[in-house]
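Notes follow the structure.
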Amino acid sequence: MTPATGLPGAAPLERSFFARGAPAVARDLVGMLLVHAHDGLAARLVETEAYTEDDPACHGYRGRTERNAPLFGPPGHAYVYFTYGMHWCLNTATGAAGRAEGVLLRAAEPIAGLDVMRARRAGGRRLSDRDLLRGPARLAQAYGLDGTWSGHDLCDGGPLYLADDGARIEVEAGPRVGVVAAADRPWRFAAAGSRWVSAYKRHPRAG
DNA sequence: CTACCGATGCGCT
DNA sequence: GCGCATCGGTAGC
């Protein structure tokens with residue numbers, strides 16, 4: 001059953017979906033729905049990035065800490081981290097058996113609850129639909145996410161989950177945005193030609 | 001559209 | 001202290 005978002009036929013993704021390694025999960029999440037049932041929000045993911053255990057850019061690369069613990073599994077839990085002194089970003093953990101892996105949700109096409117998203121994002125200024133979810137920190141802000149959501153189980157019937165409505169779109173792979181270490185691993189996945197995808201910006205210090 | 005820059009606070013060397 | 005999986009404003013093409 002689909003909650004308040006009015007999206008018939010969208011089936012929540014089960015834990016097994018997330019337990020297949022970050023790159024495969026990242027690719028397959030493009031086109032899926034991110035649903036916040038409590039707030040009536042829904043959006044179609046158009047851009048993701050994979051981070052793995054042997055990856056210097058992964059927050060779990062240097063071992064487990066209180067902050068990055070959700071990355072180490074179980075799969076299907078949220079890892080929400082704070083960065084640049086002001087932004088939150090949402091990941092889904094894909095790490096089974098103590099491996100630190102995750103997928104960063106970078107951008108989405110808004111489908112339902114645009115008024116709520118805009119109210120959280122705008123802060124008084126005019127904001128186009130395109131600017132609501134185009135970027136990982138924008139997406140997290142529009143969904144009202146912060147550190148209290150880190151560790152939240154996305155597969156337990158809670159308010160925040162990912163779902164499959166059967167839509168299938170062409171996905172292209174390329175280098176990740178904004179990372180310095182291992183900048184050329186082709187682990188950014190995006191809906192081909194989508195106008196909802198974030199602006200590509202290579203980090204100034206990326207090799 | 002691209003390029004630059006400052007904001008801002010936490011985790012880690 | 002340093003560096004950051006970013007963003008918004010401004011300047012310029």
Side-chain angles (χ1 to χ4, degrees), chain A residues 18 21-27 29-30 34 43 45-72 77-95 99-108 110 117-151 154 172-190 193-207:
Chain A
F18 297 96
V25 174
R27 172 177 287 276
L29 277 176
V30 175
L34 177 63
L45 295 176
V46 296
E47 184 184 352
T48 62
E49 281 179 358
Y51 292 83
T52 65
E53 172 145 88
D54 62 348
D55 170 10
C58 180
H59 286 179
Y61 181 69
R62 290 166 189 83
R64 182 182 187 127
T65 66
E66 184 175 357
R67 174 207 197 206
N68 67 22
L71 269 186
F72 288 76
H77 286 238
Y79 164 52
V80 184
Y81 70 90
F82 185 68
T83 191
Y84 287 101
M86 62 195 95
H87 299 304
W88 296 96
C89 296
L90 170 65
N91 294 252
T92 65
T94 61
R99 290 178 62 86
E101 289 194 357
V103 174
L104 173 66
L105 307 186
R106 288 196 54 89
M117 298 179 187
R118 204 183 313 275
R120 286 177 171 152
R121 288 270 302 120
R125 67 212 144 96
R126 278 186 52 117
L127 210 54
S128 70
D129 290 356
R130 189 166 181 247
D131 286 330
L132 293 177
L133 305 175
R134 196 170 60 118
R138 293 167 174 176
L139 185 155
Q141 184 181 35
Y143 271 70
L145 304 179
D146 61 20
T148 63
W149 287 85
S150 200
L154 304 168
E172 54 192 25
R176 294 175 293 184
V177 176
V179 301
V180 178
D184 290 317
R185 296 195 193 192
W187 286 350
R188 172 179 180 260
F189 300 95
S194 171
R195 77 186 206 93
W196 305 100
V197 168
S198 77
Y200 173 72
K201 278 192 172 45
R202 190 179 180 84
H203 193 285
R205 296 198 304 105

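Quick note: numbers below take in every heavy atom, side chains included, and nothing from hydrogens, waters or symmetry partners.
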Mate of C:dA5 where both pairing distances stay under 3.5 Å, Watson-Crick or G-U
none
Once hydrogens and angles are ignored, does a donor-acceptor distance under 3.5 Å link the base of C:dA5 to the side chain of A:His203?
no
Looking across every strand, which nucleic acid part, if any, lies under 4.0 Å from A:Ala57 by heavy atom: base, sugar-phosphate, or nothing?
base
Tell me whether the OP1 or OP2 atom of B:dC12 has a side-chain N or O from A:Thr65 closer than 4.0 Å.
yes
Can you tell me how far P of C:dC7 sits from CZ of A:Arg106, to the nearest Å?
7 Å
Test: A:Arg176 cationic atom under 6.0 Å from A:Tyr51 six-membered ring centre, within 45° of axis
yes
Under 4.0 Å between any heavy atoms, over every strand shown, what does A:Arg188 touch: base, sugar-phosphate, or nothing? Just pick one.
nothing
Options B:dT13, B:dG9, C:dT6, nucleotide nearest the side-chain atoms of A:Val177
C:dT6
Assigned partner base of B:dT8, Watson-Crick or wobble definition, under 3.5 Å:
none
In whole angstroms, the gap separating C1' of C:dC4 from CZ of A:Arg176 amounts to 15 Å
May I ask you to verify whether the side chain of A:Tyr84 and the base of B:dA7 hold a donor-acceptor pair under 3.5 Å?
no
Between C1' of C:dA5 and CZ of A:Arg62, the distance in whole Å:
13 Å
Phosphate oxygens OP1/OP2 of B:dC12: is one of them under 4.0 Å from a side-chain N or O of A:Arg67?
no
Considering all heavy atoms, the nearest A:Gly60-A:Leu71 contact:
N-CD1, 3.7 Å
Could you tell me how far apart A:His59 (NE2) and C:dG3 (C1') are, to the nearest whole angstrom?
11 Å
Given atom CG of A:Leu132 and atom C1' of C:dG8, what is their separation to the nearest angstrom?
15 Å
Consider only side-chain N and O atoms of A:Gln141 and A:Arg121, and report whether a donor and an acceptor are under 3.5 Å apart.
yes
Closest to the A:Tyr51 side chain: C:dA5, C:dG8, B:dT13?
C:dA5
CG of A:Asn68 versus P of C:dA5: gap in Å, rounded?
13 Å
Between A:Ala182 and A:Asp55, the two heavy atoms sitting closest are CB-OD1, 3.8 Å
Output the single nucleotide from C:dT6, C:dA5, B:dC10 whose closest atom is nearest the side chain of A:Phe82.
B:dC10
Is the shortest distance from a Lys or Arg side-chain nitrogen in A:Arg185 or A:Asp54 to a carboxylate oxygen in the other one below 4.0 Å?
yes
Closest non-hydrogen atoms of A:Val197 and A:Ala190, given as atom of the first, atom of the second and distance, are CG2-CB, 4.1 Å
Proximal nucleotide (of C:dG8, C:dA5, C:dT6) relative to the A:Arg125 side chain:
C:dG8
Check this one for me: any side-chain N or O of A:Arg134 less than 4.0 Å away from OP1 or OP2 of C:dC7?
no
Interatomic distance where CH2 belongs to A:Trp88 and C1' belongs to B:dG9 [whole Å]:
10 Å
Atom CG of A:Asp131 and atom P of C:dG9: how far apart are they, to the nearest Å?
10 Å
Side chain of A:Arg130 only, please: which of B:dT13, B:dC1, C:dA5 is the nearest?
B:dC1
